[in-house]
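What you are looking at is a predicted structure, and each value in this text was computed from that prediction instead of being measured.
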Amino acid sequence: MSYPTAQTDILVIGSGAAGLTAALHLAERFRVTVLAKGALNEGSTAWAQGGIAAVLEPGDTFDNHVEDTMVAGAGLNDRATVEFVVEAAPAAIERLAALGVPFNMDGEALHLTREGGHSHRRIVHVDDATGWAVQEALIRAAKAHPNITLLPDMVAVDLATSRHEERYSGAGNVWGVYAFNRATDRVELHTARATILATGGAGRTYLFSTAPRGATGDGIAMAWRAGCRVSNMEFMQFHPTCLYNLEVKNFLITEAVRGEGGKLMNPTTGKIFMPYYDPRAELAPRDIVARAIDAEIKRFGLDYVHLDISHMPPEFVRGHFPNIYEKLLGLGIDMTTQPIPVVPAQHYTCGGVVIDRDGRTDLPGLYAVGEVSQSGLHGANRLASNSLLECFVFGEAAARDISARWDTLPPPPAIRPWDESRVTDSDEEVVIKQNWTEIRRFMWNYVGIVRSTKRLERARHRIAMLNEEVADYYGHFRVTPDLIELRNLLQSADLIVRSALHRRESRGLHYTLDYPETAAEAVDTILVP
(Lines give C-alpha, C1' and ligand atoms only; values in the text may rest on other atoms or scores of the structure.)
Protein backbone atom coordinates (compact mmCIF):
# COMPACT_ATOMS: atom_id res chain seq x y z
CA MET A 1 0.00 0.00 0.00
CA SER A 2 1.50 3.36 -0.98
CA TYR A 3 1.16 6.42 1.23
CA PRO A 4 0.54 9.84 -0.29
CA THR A 5 3.23 12.52 0.04
CA ALA A 6 3.01 16.19 -0.90
CA GLN A 7 5.64 18.91 -1.01
CA THR A 8 5.23 22.66 -0.63
CA ASP A 9 7.51 25.62 0.12
CA ILE A 10 6.07 26.34 3.57
CA LEU A 11 3.72 24.27 5.67
CA VAL A 12 1.40 25.89 8.23
CA ILE A 13 -0.32 23.61 10.77
CA GLY A 14 -3.41 25.44 12.01
CA SER A 15 -5.88 27.79 10.32
CA GLY A 16 -6.56 30.35 13.06
CA ALA A 17 -5.38 33.96 13.36
CA ALA A 18 -1.69 33.09 13.77
CA GLY A 19 -1.47 30.49 10.99
CA LEU A 20 -3.43 32.45 8.37
CA THR A 21 -1.60 35.71 9.15
CA ALA A 22 1.71 33.95 8.49
CA ALA A 23 0.33 32.24 5.36
CA LEU A 24 -0.98 35.49 3.84
CA HIS A 25 2.36 37.27 4.34
CA LEU A 26 4.37 34.35 2.93
CA ALA A 27 2.10 33.74 -0.06
CA GLU A 28 3.35 36.93 -1.70
CA ARG A 29 6.54 34.99 -2.55
CA PHE A 30 6.02 31.29 -1.79
CA ARG A 31 3.65 28.35 -2.13
CA VAL A 32 2.00 27.77 1.24
CA THR A 33 -0.06 24.77 2.40
CA VAL A 34 -2.30 25.24 5.47
CA LEU A 35 -3.52 22.13 7.32
CA ALA A 36 -6.62 22.47 9.53
CA LYS A 37 -7.58 19.76 12.01
CA GLY A 38 -11.30 20.09 11.29
CA ALA A 39 -13.16 22.81 9.38
CA LEU A 40 -11.07 25.93 8.62
CA ASN A 41 -12.95 28.03 11.19
CA GLU A 42 -13.06 25.49 14.04
CA GLY A 43 -10.09 26.80 16.05
CA SER A 44 -10.02 29.13 19.04
CA THR A 45 -9.86 32.35 16.98
CA ALA A 46 -13.52 32.14 15.96
CA TRP A 47 -14.49 31.78 19.62
CA ALA A 48 -12.73 34.94 20.83
CA GLN A 49 -15.50 37.32 21.92
CA GLY A 50 -13.56 40.18 23.49
CA GLY A 51 -11.32 41.89 21.00
CA ILE A 52 -7.79 43.07 20.27
CA ALA A 53 -5.81 45.34 22.59
CA ALA A 54 -4.05 48.33 21.02
CA VAL A 55 -3.02 51.82 22.14
CA LEU A 56 -5.41 54.09 20.19
CA GLU A 57 -7.11 56.25 22.84
CA PRO A 58 -5.83 59.84 23.35
CA GLY A 59 -3.83 59.90 26.59
CA ASP A 60 -2.99 56.18 26.44
CA THR A 61 0.66 55.21 25.77
CA PHE A 62 2.69 52.15 24.76
CA ASP A 63 4.30 52.34 28.22
CA ASN A 64 0.86 52.03 29.86
CA HIS A 65 -0.01 48.94 27.81
CA VAL A 66 3.41 47.41 28.54
CA GLU A 67 2.99 48.11 32.27
CA ASP A 68 -0.53 46.60 32.38
CA THR A 69 0.77 43.48 30.61
CA MET A 70 3.71 43.16 33.03
CA VAL A 71 1.47 43.62 36.09
CA ALA A 72 -0.98 40.95 34.88
CA GLY A 73 1.95 38.63 34.06
CA ALA A 74 3.28 38.93 37.63
CA GLY A 75 6.70 40.07 36.44
CA LEU A 76 7.45 36.88 34.51
CA ASN A 77 7.03 38.51 31.09
CA ASP A 78 10.00 39.26 28.85
CA ARG A 79 9.85 43.07 28.70
CA ALA A 80 11.50 43.35 25.26
CA THR A 81 8.89 40.96 23.81
CA VAL A 82 6.02 42.87 25.45
CA GLU A 83 7.32 46.15 23.97
CA PHE A 84 7.74 44.51 20.55
CA VAL A 85 4.11 43.26 20.52
CA VAL A 86 2.51 46.39 22.01
CA GLU A 87 4.27 48.70 19.55
CA ALA A 88 3.20 46.55 16.59
CA ALA A 89 -0.49 46.55 17.64
CA PRO A 90 -1.86 49.68 15.87
CA ALA A 91 -0.38 48.59 12.51
CA ALA A 92 -1.87 45.08 12.95
CA ILE A 93 -5.33 46.63 13.50
CA GLU A 94 -4.90 48.72 10.32
CA ARG A 95 -4.08 45.63 8.26
CA LEU A 96 -7.13 43.79 9.62
CA ALA A 97 -9.38 46.75 8.76
CA ALA A 98 -7.88 46.69 5.24
CA LEU A 99 -8.79 42.97 5.02
CA GLY A 100 -12.39 43.97 5.69
CA VAL A 101 -12.84 43.26 9.41
CA PRO A 102 -15.88 45.46 10.29
CA PHE A 103 -14.66 46.93 13.59
CA ASN A 104 -17.22 48.89 15.65
CA MET A 105 -16.83 52.63 15.09
CA ASP A 106 -17.48 55.66 17.26
CA GLY A 107 -18.01 58.34 14.61
CA GLU A 108 -14.74 58.47 12.64
CA ALA A 109 -12.70 56.62 15.28
CA LEU A 110 -12.65 52.97 16.29
CA HIS A 111 -14.93 52.19 19.26
CA LEU A 112 -12.81 51.07 22.22
CA THR A 113 -14.01 49.07 25.19
CA ARG A 114 -12.19 48.25 28.43
CA GLU A 115 -11.45 44.92 30.11
CA GLY A 116 -10.02 43.70 33.41
CA GLY A 117 -6.38 44.63 34.04
CA HIS A 118 -6.34 47.49 31.46
CA SER A 119 -5.77 51.06 32.69
CA HIS A 120 -7.41 52.54 29.55
CA ARG A 121 -10.05 51.78 26.96
CA ARG A 122 -8.03 50.01 24.28
CA ILE A 123 -10.03 46.98 23.10
CA VAL A 124 -10.94 47.17 19.41
CA HIS A 125 -13.90 44.88 18.74
CA VAL A 126 -16.69 43.70 16.44
CA ASP A 127 -19.67 43.65 18.84
CA ASP A 128 -19.02 40.64 21.11
CA ALA A 129 -17.82 38.33 18.32
CA THR A 130 -14.48 39.82 17.25
CA GLY A 131 -12.74 36.49 16.66
CA TRP A 132 -15.46 35.27 14.32
CA ALA A 133 -15.20 38.42 12.17
CA VAL A 134 -11.40 38.19 12.07
CA GLN A 135 -11.48 34.48 11.20
CA GLU A 136 -13.96 35.08 8.34
CA ALA A 137 -11.83 37.89 6.88
CA LEU A 138 -8.62 35.82 7.04
CA ILE A 139 -10.24 32.74 5.46
CA ARG A 140 -11.76 34.89 2.71
CA ALA A 141 -8.33 36.36 1.88
CA ALA A 142 -6.59 32.96 2.06
CA LYS A 143 -9.16 31.29 -0.23
CA ALA A 144 -8.70 34.08 -2.76
CA HIS A 145 -4.91 33.74 -2.84
CA PRO A 146 -3.57 31.52 -5.66
CA ASN A 147 -0.44 30.57 -3.67
CA ILE A 148 -2.33 29.21 -0.64
CA THR A 149 -3.68 25.65 -0.49
CA LEU A 150 -6.14 25.07 2.36
CA LEU A 151 -6.59 21.45 3.50
CA PRO A 152 -9.28 20.86 6.16
CA ASP A 153 -9.79 17.61 8.15
CA MET A 154 -6.06 16.86 8.49
CA VAL A 155 -5.02 15.68 11.96
CA ALA A 156 -1.28 16.13 12.55
CA VAL A 157 0.30 12.98 14.04
CA ASP A 158 3.99 13.85 14.41
CA LEU A 159 6.58 16.18 12.94
CA ALA A 160 8.80 14.69 10.23
CA THR A 161 12.37 15.28 11.44
CA SER A 162 15.93 14.30 10.56
CA ARG A 163 15.36 10.91 12.17
CA HIS A 164 12.72 10.15 9.53
CA GLU A 165 15.12 10.79 6.64
CA GLU A 166 15.75 7.82 4.34
CA ARG A 167 19.45 8.44 5.01
CA TYR A 168 19.13 8.96 8.78
CA SER A 169 20.78 12.07 10.23
CA GLY A 170 20.77 13.48 13.76
CA ALA A 171 20.71 17.09 12.55
CA GLY A 172 17.38 17.84 14.26
CA ASN A 173 15.78 19.54 11.26
CA VAL A 174 12.02 19.61 10.86
CA TRP A 175 10.88 18.77 7.32
CA GLY A 176 7.09 18.82 7.68
CA VAL A 177 4.49 16.58 9.26
CA TYR A 178 2.71 13.24 9.08
CA ALA A 179 -1.03 13.96 9.09
CA PHE A 180 -4.13 11.74 9.20
CA ASN A 181 -6.57 12.61 6.39
CA ARG A 182 -10.11 12.12 7.74
CA ALA A 183 -11.50 11.84 4.19
CA THR A 184 -9.31 8.85 3.24
CA ASP A 185 -8.53 7.42 6.72
CA ARG A 186 -4.85 7.38 5.76
CA VAL A 187 -1.72 9.09 7.03
CA GLU A 188 -0.05 11.43 4.51
CA LEU A 189 3.40 12.98 4.56
CA HIS A 190 3.59 16.73 3.91
CA THR A 191 7.11 18.16 3.51
CA ALA A 192 8.37 21.74 3.32
CA ARG A 193 11.48 23.85 3.81
CA ALA A 194 9.87 25.57 6.80
CA THR A 195 7.03 24.42 9.08
CA ILE A 196 4.94 26.75 11.25
CA LEU A 197 3.05 25.35 14.24
CA ALA A 198 -0.12 27.39 14.84
CA THR A 199 -2.10 24.64 16.56
CA GLY A 200 -3.46 26.54 19.57
CA GLY A 201 -3.47 25.54 23.23
CA ALA A 202 -4.16 22.54 25.46
CA GLY A 203 -7.45 23.61 27.07
CA ARG A 204 -9.21 20.31 26.55
CA THR A 205 -6.98 18.64 29.13
CA TYR A 206 -9.57 20.08 31.56
CA LEU A 207 -13.16 19.04 32.27
CA PHE A 208 -14.53 22.58 31.98
CA SER A 209 -12.96 24.63 29.21
CA THR A 210 -13.99 27.44 26.88
CA ALA A 211 -11.61 26.04 24.24
CA PRO A 212 -12.95 24.30 21.12
CA ARG A 213 -12.92 20.51 21.09
CA GLY A 214 -9.72 20.39 19.03
CA ALA A 215 -7.56 22.21 21.64
CA THR A 216 -5.73 19.06 22.75
CA GLY A 217 -2.18 20.42 22.88
CA ASP A 218 -1.18 18.75 19.59
CA GLY A 219 1.54 21.23 18.59
CA ILE A 220 3.04 21.39 22.08
CA ALA A 221 3.16 17.58 22.33
CA MET A 222 4.57 17.11 18.80
CA ALA A 223 7.28 19.74 19.33
CA TRP A 224 8.24 18.19 22.69
CA ARG A 225 8.52 14.71 21.14
CA ALA A 226 10.65 16.16 18.32
CA GLY A 227 13.06 17.79 20.80
CA CYS A 228 11.86 21.35 21.54
CA ARG A 229 11.95 22.92 24.98
CA VAL A 230 8.56 23.70 26.53
CA SER A 231 8.06 26.44 29.10
CA ASN A 232 5.60 27.72 31.76
CA MET A 233 2.93 25.05 31.23
CA GLU A 234 1.75 25.46 34.84
CA PHE A 235 0.15 28.80 33.91
CA MET A 236 -3.30 27.77 32.74
CA GLN A 237 -5.67 30.69 32.63
CA PHE A 238 -9.17 30.04 33.92
CA HIS A 239 -11.77 32.41 32.56
CA PRO A 240 -13.85 33.52 35.55
CA THR A 241 -17.20 33.51 33.75
CA CYS A 242 -18.27 30.55 31.66
CA LEU A 243 -22.04 29.96 31.44
CA TYR A 244 -23.17 27.26 33.88
CA ASN A 245 -25.54 25.11 31.83
CA LEU A 246 -25.66 21.33 31.71
CA GLU A 247 -26.61 21.29 28.01
CA VAL A 248 -24.24 23.99 26.71
CA LYS A 249 -20.80 22.99 27.88
CA ASN A 250 -18.52 25.91 27.07
CA PHE A 251 -20.26 29.18 26.30
CA LEU A 252 -18.14 32.10 27.42
CA ILE A 253 -19.54 35.27 28.96
CA THR A 254 -17.02 37.89 27.87
CA GLU A 255 -14.91 39.93 30.30
CA ALA A 256 -16.52 43.03 28.79
CA VAL A 257 -19.78 42.29 30.67
CA ARG A 258 -17.86 43.06 33.87
CA GLY A 259 -16.02 45.90 32.12
CA GLU A 260 -19.38 47.55 31.34
CA GLY A 261 -20.75 47.27 34.89
CA GLY A 262 -21.70 43.62 35.51
CA LYS A 263 -21.47 42.51 39.18
CA LEU A 264 -20.68 39.08 40.62
CA MET A 265 -23.12 37.93 43.31
CA ASN A 266 -23.50 35.00 45.65
CA PRO A 267 -26.85 33.38 44.72
CA THR A 268 -27.38 32.19 48.33
CA THR A 269 -26.74 35.48 50.13
CA GLY A 270 -27.64 37.77 47.21
CA LYS A 271 -24.55 39.88 48.01
CA ILE A 272 -21.79 41.11 45.71
CA PHE A 273 -18.50 39.60 46.89
CA MET A 274 -15.59 40.83 44.72
CA PRO A 275 -14.76 43.91 46.89
CA TYR A 276 -13.92 41.50 49.77
CA TYR A 277 -11.25 39.83 47.61
CA ASP A 278 -9.67 42.76 45.74
CA PRO A 279 -10.07 46.56 45.74
CA ARG A 280 -10.42 46.51 41.92
CA ALA A 281 -13.51 44.30 42.41
CA GLU A 282 -14.91 43.06 39.07
CA LEU A 283 -12.04 44.67 37.14
CA ALA A 284 -9.28 42.71 38.90
CA PRO A 285 -7.17 40.45 36.63
CA ARG A 286 -8.70 37.12 35.66
CA ASP A 287 -6.67 34.93 38.02
CA ILE A 288 -7.88 36.91 41.05
CA VAL A 289 -11.52 36.90 39.90
CA ALA A 290 -11.41 33.15 39.09
CA ARG A 291 -9.91 32.33 42.52
CA ALA A 292 -12.50 34.51 44.27
CA ILE A 293 -15.37 32.70 42.50
CA ASP A 294 -13.73 29.33 43.24
CA ALA A 295 -13.43 30.28 46.95
CA GLU A 296 -17.05 31.47 47.10
CA ILE A 297 -18.30 28.25 45.42
CA LYS A 298 -16.30 26.03 47.81
CA ARG A 299 -17.16 28.01 50.93
CA PHE A 300 -20.92 28.02 50.32
CA GLY A 301 -21.18 24.66 48.48
CA LEU A 302 -22.51 26.34 45.33
CA ASP A 303 -22.66 25.02 41.76
CA TYR A 304 -22.20 28.52 40.33
CA VAL A 305 -22.31 32.25 41.13
CA HIS A 306 -24.38 34.99 39.47
CA LEU A 307 -23.12 37.63 37.04
CA ASP A 308 -25.68 40.45 36.97
CA ILE A 309 -25.86 43.37 34.53
CA SER A 310 -29.67 43.74 34.72
CA HIS A 311 -29.32 47.11 36.54
CA MET A 312 -28.11 48.65 33.24
CA PRO A 313 -30.65 49.91 30.63
CA PRO A 314 -31.94 46.98 28.48
CA GLU A 315 -31.05 48.73 25.19
CA PHE A 316 -27.47 49.26 26.48
CA VAL A 317 -27.11 45.54 27.30
CA ARG A 318 -28.63 44.37 23.99
CA GLY A 319 -26.54 46.90 22.04
CA HIS A 320 -23.23 45.89 23.65
CA PHE A 321 -23.77 42.13 23.82
CA PRO A 322 -26.15 41.14 20.98
CA ASN A 323 -24.78 37.61 20.48
CA ILE A 324 -24.65 36.74 24.17
CA TYR A 325 -28.12 38.22 24.70
CA GLU A 326 -29.61 36.09 21.86
CA LYS A 327 -27.82 32.91 22.97
CA LEU A 328 -28.98 33.28 26.59
CA LEU A 329 -32.53 34.15 25.54
CA GLY A 330 -32.62 30.83 23.65
CA LEU A 331 -31.72 29.12 26.94
CA GLY A 332 -34.46 30.91 28.88
CA ILE A 333 -32.26 33.61 30.46
CA ASP A 334 -33.00 37.30 29.79
CA MET A 335 -29.80 39.08 30.84
CA THR A 336 -31.58 42.46 30.82
CA THR A 337 -33.78 41.30 33.74
CA GLN A 338 -32.02 38.25 35.23
CA PRO A 339 -28.57 37.29 36.51
CA ILE A 340 -26.44 34.83 34.50
CA PRO A 341 -25.22 31.63 36.27
CA VAL A 342 -21.42 31.36 35.74
CA VAL A 343 -18.46 29.17 36.76
CA PRO A 344 -14.74 29.50 36.01
CA ALA A 345 -13.43 27.33 33.14
CA GLN A 346 -10.01 26.70 31.61
CA HIS A 347 -9.55 29.40 29.00
CA TYR A 348 -5.99 29.93 27.79
CA THR A 349 -2.63 28.16 27.79
CA CYS A 350 -0.01 30.78 28.74
CA GLY A 351 2.91 28.35 28.39
CA GLY A 352 4.03 26.43 25.32
CA VAL A 353 6.88 25.82 22.90
CA VAL A 354 9.82 28.15 23.59
CA ILE A 355 10.31 30.68 20.74
CA ASP A 356 12.37 33.81 20.07
CA ARG A 357 11.04 37.12 18.70
CA ASP A 358 11.08 35.69 15.16
CA GLY A 359 8.89 32.75 16.18
CA ARG A 360 11.81 30.32 15.86
CA THR A 361 11.88 27.19 18.04
CA ASP A 362 14.95 25.16 19.09
CA LEU A 363 14.73 23.02 15.92
CA PRO A 364 15.94 24.29 12.50
CA GLY A 365 13.03 24.75 10.08
CA LEU A 366 10.36 24.82 12.82
CA TYR A 367 8.48 27.96 13.92
CA ALA A 368 5.63 28.31 16.44
CA VAL A 369 3.12 31.18 16.69
CA GLY A 370 0.08 31.98 18.82
CA GLU A 371 -1.20 29.98 21.78
CA VAL A 372 1.02 26.96 21.04
CA SER A 373 4.08 29.10 21.84
CA GLN A 374 5.70 30.69 24.88
CA SER A 375 7.06 33.98 23.55
CA GLY A 376 7.53 35.82 26.84
CA LEU A 377 4.50 38.06 26.19
CA HIS A 378 2.07 36.69 28.79
CA GLY A 379 4.30 35.75 31.72
CA ALA A 380 2.36 34.14 34.59
CA ASN A 381 -1.05 35.41 33.39
CA ARG A 382 -2.31 36.74 30.05
CA LEU A 383 -3.81 40.21 30.00
CA ALA A 384 -7.25 40.25 28.36
CA SER A 385 -7.24 40.74 24.55
CA ASN A 386 -3.47 40.36 24.17
CA SER A 387 -3.92 36.86 22.68
CA LEU A 388 -5.33 37.70 19.23
CA LEU A 389 -2.76 40.49 19.12
CA GLU A 390 0.07 38.00 19.69
CA CYS A 391 -1.21 35.89 16.77
CA PHE A 392 -1.00 38.78 14.27
CA VAL A 393 2.36 40.13 15.46
CA PHE A 394 4.13 36.76 15.66
CA GLY A 395 2.46 35.36 12.53
CA GLU A 396 3.98 38.25 10.64
CA ALA A 397 7.34 38.02 12.46
CA ALA A 398 7.74 34.34 11.55
CA ALA A 399 6.82 35.10 7.92
CA ARG A 400 9.41 37.90 7.79
CA ASP A 401 12.12 35.66 9.23
CA ILE A 402 11.40 32.79 6.80
CA SER A 403 11.48 35.22 3.86
CA ALA A 404 14.78 36.72 5.04
CA ARG A 405 16.41 33.29 5.51
CA TRP A 406 14.89 31.56 2.50
CA ASP A 407 18.19 31.05 0.66
CA THR A 408 19.74 29.32 3.69
CA LEU A 409 16.81 26.90 4.19
CA PRO A 410 17.68 23.59 2.49
CA PRO A 411 15.02 21.70 0.49
CA PRO A 412 13.67 18.58 2.27
CA PRO A 413 15.61 15.35 1.68
CA ALA A 414 13.85 12.03 0.99
CA ILE A 415 11.66 11.22 4.03
CA ARG A 416 10.37 7.75 4.86
CA PRO A 417 6.63 7.35 4.28
CA TRP A 418 4.31 6.44 7.15
CA ASP A 419 4.63 2.78 8.14
CA GLU A 420 1.75 0.84 9.65
CA SER A 421 2.78 -2.64 8.51
CA ARG A 422 3.00 -3.92 12.11
CA VAL A 423 -0.33 -2.67 13.50
CA THR A 424 -3.99 -3.66 13.21
CA ASP A 425 -7.36 -1.90 13.52
CA SER A 426 -8.44 -1.31 17.09
CA ASP A 427 -11.32 -3.27 18.57
CA GLU A 428 -11.34 -1.28 21.83
CA GLU A 429 -12.39 2.32 21.15
CA VAL A 430 -13.94 2.36 24.65
CA VAL A 431 -10.40 2.49 26.12
CA ILE A 432 -9.77 5.85 24.42
CA LYS A 433 -13.03 7.34 25.68
CA GLN A 434 -12.41 6.12 29.24
CA ASN A 435 -8.85 7.51 29.34
CA TRP A 436 -9.89 10.84 27.81
CA THR A 437 -12.58 11.33 30.48
CA GLU A 438 -10.24 10.28 33.28
CA ILE A 439 -7.51 12.77 32.27
CA ARG A 440 -9.91 15.71 32.09
CA ARG A 441 -11.48 14.86 35.44
CA PHE A 442 -8.27 14.47 37.47
CA MET A 443 -6.74 17.55 35.82
CA TRP A 444 -9.80 19.58 36.89
CA ASN A 445 -9.79 18.22 40.45
CA TYR A 446 -6.03 18.05 41.12
CA VAL A 447 -4.43 20.64 38.80
CA GLY A 448 -7.13 23.31 38.77
CA ILE A 449 -7.43 26.88 40.04
CA VAL A 450 -6.03 26.08 43.51
CA ARG A 451 -3.36 23.36 43.81
CA SER A 452 -1.40 21.44 46.43
CA THR A 453 1.67 19.22 46.18
CA LYS A 454 -0.36 16.20 47.30
CA ARG A 455 -2.96 16.71 44.54
CA LEU A 456 -0.23 17.27 41.93
CA GLU A 457 1.52 14.04 43.01
CA ARG A 458 -1.78 12.18 42.62
CA ALA A 459 -2.12 13.54 39.10
CA ARG A 460 1.48 12.56 38.30
CA HIS A 461 0.80 9.01 39.51
CA ARG A 462 -2.30 8.71 37.26
CA ILE A 463 -0.35 10.05 34.28
CA ALA A 464 2.44 7.48 34.75
CA MET A 465 -0.11 4.63 34.65
CA LEU A 466 -1.93 6.05 31.63
CA ASN A 467 1.35 6.64 29.77
CA GLU A 468 2.02 2.88 29.77
CA GLU A 469 -1.53 2.09 28.63
CA VAL A 470 -1.58 4.66 25.83
CA ALA A 471 1.94 3.79 24.59
CA ASP A 472 0.96 0.13 24.42
CA TYR A 473 -2.25 0.97 22.56
CA TYR A 474 -0.44 3.33 20.14
CA GLY A 475 2.15 0.62 19.38
CA HIS A 476 -0.44 -2.01 18.45
CA PHE A 477 -3.26 -0.22 16.62
CA ARG A 478 -3.71 2.00 13.57
CA VAL A 479 -4.00 5.67 14.44
CA THR A 480 -7.38 7.37 14.54
CA PRO A 481 -8.07 11.05 15.26
CA ASP A 482 -9.25 10.11 18.78
CA LEU A 483 -6.08 8.14 19.52
CA ILE A 484 -3.85 10.95 18.19
CA GLU A 485 -5.66 13.45 20.42
CA LEU A 486 -5.54 11.19 23.48
CA ARG A 487 -1.78 10.77 23.10
CA ASN A 488 -1.28 14.55 22.83
CA LEU A 489 -3.71 15.29 25.66
CA LEU A 490 -1.80 12.96 27.98
CA GLN A 491 1.55 14.45 26.94
CA SER A 492 0.21 17.96 27.60
CA ALA A 493 -1.17 16.94 31.02
CA ASP A 494 2.23 15.47 31.89
CA LEU A 495 4.01 18.74 30.95
CA ILE A 496 1.51 20.82 32.97
CA VAL A 497 1.91 18.66 36.10
CA ARG A 498 5.70 18.52 35.84
CA SER A 499 5.87 22.29 35.51
CA ALA A 500 3.45 22.85 38.42
CA LEU A 501 5.47 20.55 40.73
CA HIS A 502 8.65 22.37 39.74
CA ARG A 503 7.34 25.85 40.75
CA ARG A 504 7.62 26.20 44.53
CA GLU A 505 5.83 29.52 44.87
CA SER A 506 2.46 31.05 44.00
CA ARG A 507 2.62 33.47 41.07
CA GLY A 508 -0.03 34.63 38.63
CA LEU A 509 -2.19 31.70 37.58
CA HIS A 510 -0.23 29.12 39.59
CA TYR A 511 -1.61 29.14 43.12
CA THR A 512 -0.51 26.39 45.50
CA LEU A 513 -1.53 25.96 49.15
CA ASP A 514 1.93 24.58 50.01
CA TYR A 515 3.82 27.65 48.74
CA PRO A 516 1.41 30.60 49.03
CA GLU A 517 4.18 33.25 48.90
CA THR A 518 5.64 34.72 45.71
CA ALA A 519 9.42 34.30 45.35
CA ALA A 520 11.58 37.44 45.10
CA GLU A 521 12.85 36.50 41.65
CA ALA A 522 10.64 35.63 38.67
CA VAL A 523 12.06 32.60 36.81
CA ASP A 524 10.55 30.72 33.84
CA THR A 525 9.94 26.99 34.20
CA ILE A 526 11.77 25.42 31.26
CA LEU A 527 11.45 21.69 30.55
CA VAL A 528 14.12 20.12 28.34
CA PRO A 529 13.28 16.89 26.43
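- No hydrogens or angles considered: nothing links the side chains of Arg114 and His118 as a donor-acceptor pair under 3.5 Å.
- Using a cut-off of 4.0 Å between Lys/Arg side-chain N and Asp/Glu carboxylate O, Arg357 and Asp78 are scored as salt-bridged.
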Q. Under the side-chain hydrogen bond (donor to acceptor under 3.5 Å, both in side chains) criterion, do Glu296 and Asn266 qualify, and how do the steps go?
A. CA-CA 7 Å; Glu296 205 73 6; Asn266 182 314; 3.1 Å; yes
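- With 3.5 Å as the limit, one finds a donor-acceptor pair spanning the side chains of Thr336 and Asp334.
- Using cut-offs of 30° and 60° for the angle between ring planes, the Phe273 and Tyr277 rings count as perpendicular.
- Between the side chain of Ser231 and the backbone N or O of Ile526 there is no donor-acceptor pair closer than 3.5 Å.
- A donor-acceptor contact shorter than 3.5 Å links the side chain of His125 to the backbone of Asp127.
- No donor-acceptor pair closer than 3.5 Å links the side chain of Thr254 to the backbone N or O of Val257.
- Side chains of Thr525 and His502: a donor-acceptor N/O pair is absent below 3.5 angstrom, by distance only.
- Between Arg229 and the choices Asp524, Asp356, Asp362, the salt bridge (charged side-chain N to carboxylate O under 4.0 Å, His left out) rule is met once, by Asp362.
- A donor-acceptor pair under 3.5 Å is formed between the side chain of Asp68 and the backbone N or O of Ser119.
- Considering only residues two or more places apart in sequence or on other chains, Gln346 meets the side chain to side chain contact (heavy atoms under 4.5 Å, CB included) condition with Tyr206, Ser209, Ala211, Met236, Phe238, Thr349.
- In this structure, a donor-acceptor pair under 3.5 Å is present between the side chains of Glu260 and Thr113.
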Q: Would you please test Thr199 and Asp218 for side-chain hydrogen bond (donor to acceptor under 3.5 Å, both in side chains) and show each step?
A: CA-CA 7 Å; Thr199 50; Asp218 304 337; over 6 Å; no
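- Evaluation of the salt bridge (Lys or Arg N to Asp or Glu O under 4.0 Å) test over residues 393-405, restricted to residues two or more places apart or in two chains, returns Arg95-Glu396, Arg360-Asp401, Glu396-Arg400, Asp401-Arg405.
- Looking at Glu67 and Arg79, a side-chain N of the basic residue comes within less than 4.0 Å of a carboxylate O on the acidic one, giving a salt bridge.
- Checking Thr216 against Lys37 by side-chain atom types alone, a donor-acceptor pair falls below 3.5 Å.
- Donor-acceptor pairing under 3.5 Å is recorded for the side chains of Thr69 and Asn386.
- Using a 4.0 Å cut-off between charged nitrogen and carboxylate oxygen, Lys263 and Asp308 do not count as a salt-bridge pair.
- Between Arg503 and Glu234 there is a salt bridge, with a side-chain nitrogen of the basic residue lying less than 4.0 Å from a carboxylate oxygen of the acidic one.
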